[in-house]
Amino acid sequence: QLYHERHRPQIHFSPKQKWTNDPNGMVYHNGTWHLFFQHYPDSTIWGPMHWGHATSKDLVHWQEQPIALYPDSLGYIFSGSAVVDKNNTAGFGKNALVAIFTHHDPQGEKEKRNNFQNQSIAYSTDEGRTWTKYAGNPVLKNPGITDFRDPKVCWYEPQKKWIMTLATKDRITFYSSPDLKGWTKESEFGKELGAHGGVWECPDLFQLDDDNGKKVWVLIVSINPGGPNGGSATQYFLGDFDGSRFAPVDTNTRWIDYGPDNYAGITWSNTGNRKIFLGWMSNWLYANIVPATTWRNAMTIARELKLKRTGNEMYVASEPVAELKKIQSKPVVLHNIQVQKSFDVASKAGKITFPARLDLNFEKNSDYSIVLSNDAGEEVAIGYNKAQQQYYIDRSRSGQTNFQKDFPARHVAPRLSKAGSMDLSLILDVNSVEMFADSGLTVMTSIYFPTKPFTHIRIESPENVTIKKLTVSSLKSIW
Ligand code: FRU
């Protein structure tokens, strides 16, 4: 095991040292999952951004690689994406990896110019090990929009062109290109739709199959602030995209994750029909001031996205990738557990060691609360409130919480599923919970900082609920 620091995630990616925020440039290529990330290698607080780099063969175990992109005369390296240029459209080589990112010029920002964010590219012909910035950067110049960033590029096969989905302040702007070097504006979307409590950032555009095998386009847009539980969060739209315009199916605002700690997430490119998402497990409300030692912040686990229908509504559901099973111990499976007020999971399942995974099935909608605790009297409660039809995660007494006023809180999320029965999966690391309710229809992610590790799990219910099936497994450190 590589990492022993207090609060160091054991099943999540975090950099060996110093600061990280958004995941960047996620691309699958020749059996390797690439994860680049916003990184400042000189401090545990945000600063001049680089692209750090990590690789994985299985989406679970990560190896940190040398820094891929350093700031230069055009500015810091802000968020962006990467593609495999199969047809050598850019002329950097067949199957070259091309990164498309924002150059952020701090001097221009200081002088209050309005064109300090521009889009640039870099390429790698050695499996992402070394990167060359294109001599003609920037490839997309800023027309005078202060927030003009986070390009996500995909190949649009019907018209054989690249599409760039760009966050442009309070809307998305789509551009197209034959070669990743010259870009033409196609359209704008969203000025009058969706949540607008803050600036739009880190978009993504891709297709998923609905339950009839019909393709639906998904447009992901992160927003900061303005999330459903305050601060940063990620909304999405369902619709159609014709190579030029995104037409939404309705005017609903949907959220990828209702919890406070899943931001700037996007999907890997070049994965065929599978769509794998990963986000930054923090929130700009407190990302710079959470308790930290040698590094600060981490990513969520990789999640598979699928379209699911409930009643007449369609949603993007997220579930932990199947690969997570690789680190899962043989589970203890318990049936028909009667919760008489409070049930100590260890009493039937044996001693719980964290990280862990819990899967619960309830026959009917019930009030319950799953409480993680330690000997210091600190707790995190995850549960469901039947009267309000809301899931919640309460971290108000979770240990160190007073570094920011909004951190100690009970966060809620609507139950979207119309099903009579309920299921819940919890992925518990030493300082985070990822809750996937109703097969991933309602998702919440939350971090916390207990002064001593959590060691106990109990389940409480005021209504003597029966848990049809409870599965408990420990998860092996990925480091
Ligand atoms: C989102 C974000 C992006 C930007 C990056 C800078 O968290 O603000 O919009 O590119 O972080 O680090």
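Indexing begins at 1, ligand by ligand and atom by atom, following the structure's order.
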| query | Checking side chain to side chain contact (heavy atoms under 4.5 Å, CB included) for the pair Tyr236/Trp255: CA distance, chi angles, key distance, verdict? | reply | CA-CA 6 Å; Tyr236 67 94; Trp255 300 94; 5.6 Å; no
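- Taking the six-membered ring for Trp, Trp33 and Tyr28 have ring centres closer than 6.0 Å.
- Scanning the protein for heavy atoms near atom 12 (O) of ligand 1, the closest one is Gln38 OE1, 2.6 Å.
- No side-chain donor-acceptor contact under 3.5 Å links Glu201 to the backbone of Asp147.
- Residue contact check for ligand 1: Tyr76 places no non-hydrogen atom closer than 4.0 Å to it.
- For Thr130 and Asp126, the side-chain atoms include at least one donor-acceptor pair closer than 3.5 Å.
- The distance from ligand 1 to the heavy atoms of Arg149 drops below 4.0 Å at these ligand atoms: 3 (C), 4 (C), 9 (O), 10 (O).
- Side chain to side chain, Thr300 and Thr445 fail the donor-acceptor criterion of an N or O pair below 3.5 Å.
- By the 30° and 60° cut-offs, the orientation of the rings of Tyr156 relative to Trp217 is tilted.
- On a distance-only criterion, Tyr263 and ligand 1 share no N/O pair closer than 3.5 Å.
- Looking only at heavy atoms of the protein, atom 2 (C) of ligand 1 is closest to Asp22 OD2, 3.3 Å.
- Numbered from 1 in the order shown, with element, the atoms of ligand 1 that lie under 4.0 Å from a heavy atom of Phe78 read 4 (C), 6 (C), 10 (O).
- Residue Asp150 approaches ligand 1 through these ligand atoms, each under 4.0 Å from one of its heavy atoms: 3 (C), 4 (C), 9 (O), 10 (O).
- Looking from atom 8 (O) of ligand 1 to the surrounding protein, the closest heavy atom is Glu201 OE2, 2.9 Å.
- Ligand 1 has Asn21 within reach: a non-hydrogen atom of the residue lies less than 4.0 Å from it.
- Contacts classified as salt bridge (charged side-chain N to carboxylate O under 4.0 Å, His left out) and involving residues 243-262 (residues at least two apart or in different chains) are given here: Asp250-Arg254, Arg254-Glu313, Asp257-Arg303, Asp261-Arg395.
- Looking only at atom types and distance, the side chain of Trp62 has no donor-acceptor partner in the side chain of Thr55 under 3.5 Å away.
- If you number the atoms of ligand 1 from 1 as listed, the ones under 4.0 Å from a heavy atom of Met49 come out as 12 (O).
- Ligand 1 places these atoms under 4.0 Å from at least one heavy atom of Ser79: 5 (C), 10 (O).
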